Amino acid sequence: MNIQQIVSSGIRKALEALYQLQIPESQIQVTKTKKEFEGHLTFVVFPYLKASRKNPEETAREIGNYLQEQVTEISGFNVINGFLNVHVAPEVWIKALNEISADNRYGIVEAGDDAPLVMIEYSSPNTNKPLHLGHMRNNLLGFSLAEIKKAAGNKVVKTNLVNDRGIHICKSMLAWKKKGEGVTPESSGKKGDHLAGDFYVLFDRCYKAELSDLQKNGLSKEEAEAKSEWMSEAREMLRKWEAGDLETVALWEKMNSWVYAGFDETYKKMGVDFDKIYYESQTYIDGKEKVLEGLRKGIFYKKEDQSVWADLTGEGLDHKLLLRGDGTSVYMTQDIGTAKQRFDDYPINEMIYVVGNEQNYHFQVLSVLLDKLGFDWGKSLIHFSYGMVELPEGKMKSREGTVVDADDLMAEMIRTAEETSRELGKLDECTPEEAGKIIEMIGMGALKYFILKVDPRKNMVFNPKESIDFNGNTGPFIQYTHARICSVLRKAAEQNIAIPGQISNPVELSEKEENLIRLSVEFPQIVQEASDECNPALIANYIYDLVKEYNQFYHDYSILREEKTDVKLFRLMLSRNIAKVIKTGMSLLGIDVPQRM
């Protein structure tokens, strides 16, 4: 039931009947009444004073009287200046709750055959290092956005573009070749992505030591960089790889296979997945071909050193390198190639790239280039630009090995969840097997919720200690509330209380009960807004508001001890549906909720 739509429709009829105004319902703005005022929904009358020829209060009162007389769902109203605050009749809230109860997929819109296809790219790791905290925000945002888009009625394809080629990959390869002494994940006991990351850090250490020695011998920083043997060998390795040198390609395949196995393990623990994985090693060739095609058509131009460029000054941008003079490609080239492959594979209506805000300019350029090359969705591609995530002690740097590893972070979160849960006695009634599952659920839920509750456009500081709190705006607080409701429902079952699917008898609603139903009614709208705005934080904070309201209700009102049977059954049915909304909402964030804690 869309109560706002009912009120909007009534207002449209009132404007036509009272002032002969024919206003499309879509243009009538009805908002939630602010907490400091009485009422459920508010309509501002100022834009209609010219037609009413009355002052704001008289106009609002006139419309309010019409609504109360003509719209059965409205039980009353009050006027404050030009603000009309209407009260929705109690029976409407009961009817809305019954509709929620009858819908097992409440809040979810099923995608029809003609639903738009949205492709979402997230993760996009490099195969020279393991996933870290920054990748976690990317993966959690991308996966959640995909679930939200699906819930809003879209077809969704989740994709990952693995950055498995380039100079940074060659740095790890070269360090292993020169210093690795044949070490493997098996012989070292390390995950393959961690092992590759160690050699990336080692390359940087050796490179900096070499530069330091050269500068001590009188060379400038620029001269030392130009003379560096480590960097020269890495560039030569990249050239050999692109030329198909068998030894170089074999080393690349071996080390990448280690990394992929490590990534798969991390993704599984993180609870994210993909429908299709693209590899830059397979897309950059298509990108080069599209660039050369653009060169032949006069879209791009070539410099004397044979490098290929795009002149984007007409679009307010600059000149963009697409192919180096030696024929090797750059990131932009492979992004063009990936776009071509995706366009060939799927009938994409909307393309969303989940990439940090340091790449804003890159995606402005990519959008223009794809449009120039004839991709239908080029101009309308969406860069889901999110802020950086830092720790309380500051930024992380991959080259220097100062990043927070995703695997270590997840393990630490689960350990902290166990310590905190046992200290608070949350697991006393659980079997060891149950406790293990719940601990992991709490640890991962705390991590995911803490990251996703923040507006993705903002930079954030991740504080592990704050995230595992069973009070406040945290994942464990929400999970515990869901478990609390499940406990109430179990006790009702033990007492052989049959909770009705529908409420047929009139029930006098308290303010808290009315608020809970009102919040539940808003859930589908919140899902749609989160989809439209690409913002999982809207769902996270909505669920927190719902849970906070339920806990106040739980504290103030008896449920199982309520003496009136019809009130007891109503409160049990209400609680069951609140739990349903919590579970669905948290699932859109990729978070599980336990039935007991």
Side-chain angles (χ1 to χ4, degrees), residues 1 90-108 421 424-431 433-435 437-438 441-442 445 470-471 475-523 543-587 591-597:
M1 173 182 288
E91 57 269 23
V92 175
W93 297 118
I94 296 295
K95 184 179 179 182
L97 180 61
N98 284 337
E99 290 182 5
I100 293 170
S101 181
D103 187 353
N104 291 329
R105 299 269 294 163
Y106 179 65
I108 306 298
S421 299
L424 296 173
K426 301 293 186 185
L427 306 171
D428 293 350
E429 298 180 8
C430 300
T431 65
E433 185 180 359
E434 278 181 327
K437 290 179 180 177
I438 292 169
M441 212 179 285
I442 294 170
F470 282 85
N471 296 298
F477 173 66
I478 294 170
Q479 289 172 316
Y480 180 63
T481 302
H482 182 269
R484 167 180 273 175
I485 297 173
C486 290
S487 175
V488 170
L489 300 179
R490 277 195 304 275
K491 289 175 182 176
E494 289 165 5
Q495 295 175 28
N496 294 317
I497 298 173
I499 304 172
Q502 300 282 290
I503 298 298
S504 52
N505 297 326
V507 178
E508 185 177 342
L509 299 178
S510 68
E511 183 182 355
K512 291 291 181 195
E513 290 162 339
E514 200 174 82
N515 284 342
L516 282 171
I517 300 173
R518 178 180 56 78
L519 279 168
S520 300
V521 166
E522 292 172 12
F523 181 51
I543 294 295
Y544 171 62
D545 287 342
L546 179 66
V547 162
K548 189 168 56 172
E549 191 74 25
Y550 182 84
N551 277 292
Q552 290 173 358
F553 158 74
Y554 182 86
H555 180 269
D556 293 345
Y557 294 90
S558 296
I559 299 178
L560 291 172
R561 293 181 181 177
E562 169 58 47
E563 294 180 359
K564 296 179 181 177
T565 301
D566 58 342
V567 175
K568 180 192 296 185
L569 294 177
F570 161 75
R571 289 176 181 167
L572 284 167
M573 191 262 227
L574 173 63
S575 297
R576 184 172 63 192
N577 282 289
I578 296 299
K580 178 167 71 176
V581 174
I582 293 170
K583 184 174 183 178
T584 302
M586 291 292 269
S587 74
I591 300 174
D592 293 324
V593 287
Q595 294 197 355
R596 65 173 73 236
M597 275 170 75

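Treat the numbers as computed from the prediction; the structure is a model and nothing was measured.
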Please check this pair: side chain of [X] against backbone of [Y], looking for a donor-acceptor N/O pair closer than 3.5 Å.
X: K437; Y: P594; result: no
X: S101; Y: L97; result: no
X: Q479; Y: M441; result: yes

Locate the shortest heavy-atom distance separating [X] from [Y]; write the atom from each residue and the value.
X: R576; Y: I485; answer: N-CG2, 4.5 Å
X: Y106; Y: T584; answer: O-CG2, 4.0 Å
X: K580; Y: I100; answer: NZ-O, 2.6 Å
X: Y557; Y: S510; answer: OH-CB, 3.2 Å
X: C430; Y: I438; answer: SG-CD1, 3.7 Å
X: V488; Y: L560; answer: O-CD1, 3.9 Å

Could you measure the distance from the [atom1] atom of [X] to the [atom2] atom of [Y]? Nearest 0.5 Å is fine.
X: W93; Y: L574; atom1: CH2; atom2: CG; result: 12.5 Å
X: I582; Y: S587; atom1: CD1; atom2: OG; result: 12.0 Å
X: N98; Y: E91; atom1: CG; atom2: CD; result: 12.5 Å
X: S558; Y: E563; atom1: OG; atom2: CD; result: 9.0 Å
X: I517; Y: K95; atom1: CD1; atom2: NZ; result: 14.0 Å
X: Q595; Y: L489; atom1: CD; atom2: CG; result: 9.5 Å

Next on the checklist: What verdict does the side chain to side chain contact (heavy atoms under 4.5 Å, CB included) test give for M573 and N577, after you've listed the backbone C-alpha separation in whole Å, the side-chain angles of each residue and the deciding distance to 0.1 Å?
Outcome noted: CA-CA 6 Å; M573 191 262 227; N577 282 289; 3.4 Å; yes
Taking the side chain as every heavy atom from C-beta outward, state whether [X] and [Y] have any atom pair closer than 4.5 Å.
X: I578; Y: L519; answer: no
X: H482; Y: M586; answer: no
X: I108; Y: D103; answer: no
X: N515; Y: Q552; answer: no
X: F570; Y: L509; answer: yes

Checklist entry - Thinking salt bridges, do R518 and E522 make one under a 4.0 Å N-O criterion? => result yes
Checklist entry - Which word best sums up how the rings of Y480 and F470 line up, parallel for under 30°, tilted for 30 to 60°, or perpendicular for over 60°? => result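 Y480 vs F470 ring planes: perpendicular.
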Checklist entry - Can you list the steps and then say if S575 with I559 is a side chain to side chain contact (heavy atoms under 4.5 Å, CB included)? => result CA-CA 9 Å; S575 297; I559 299 178; 3.9 Å; yes
Checklist entry - Looking at L546, D556, T481, which hits side-chain contact (heavy atoms from CB on, under 4.5 Å) with N551? => result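 Single side-chain contact (heavy atoms from CB on, under 4.5 Å) partner of N551 among L546, D556, T481: T481.
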Item to check | More than 12 heavy atoms of other groups within 6.0 Å of K583 NZ | outcome: no
Next on the checklist: Is the distance from the ring center of Y550 to that of F553 below 6.0 Å?
Outcome noted: yes
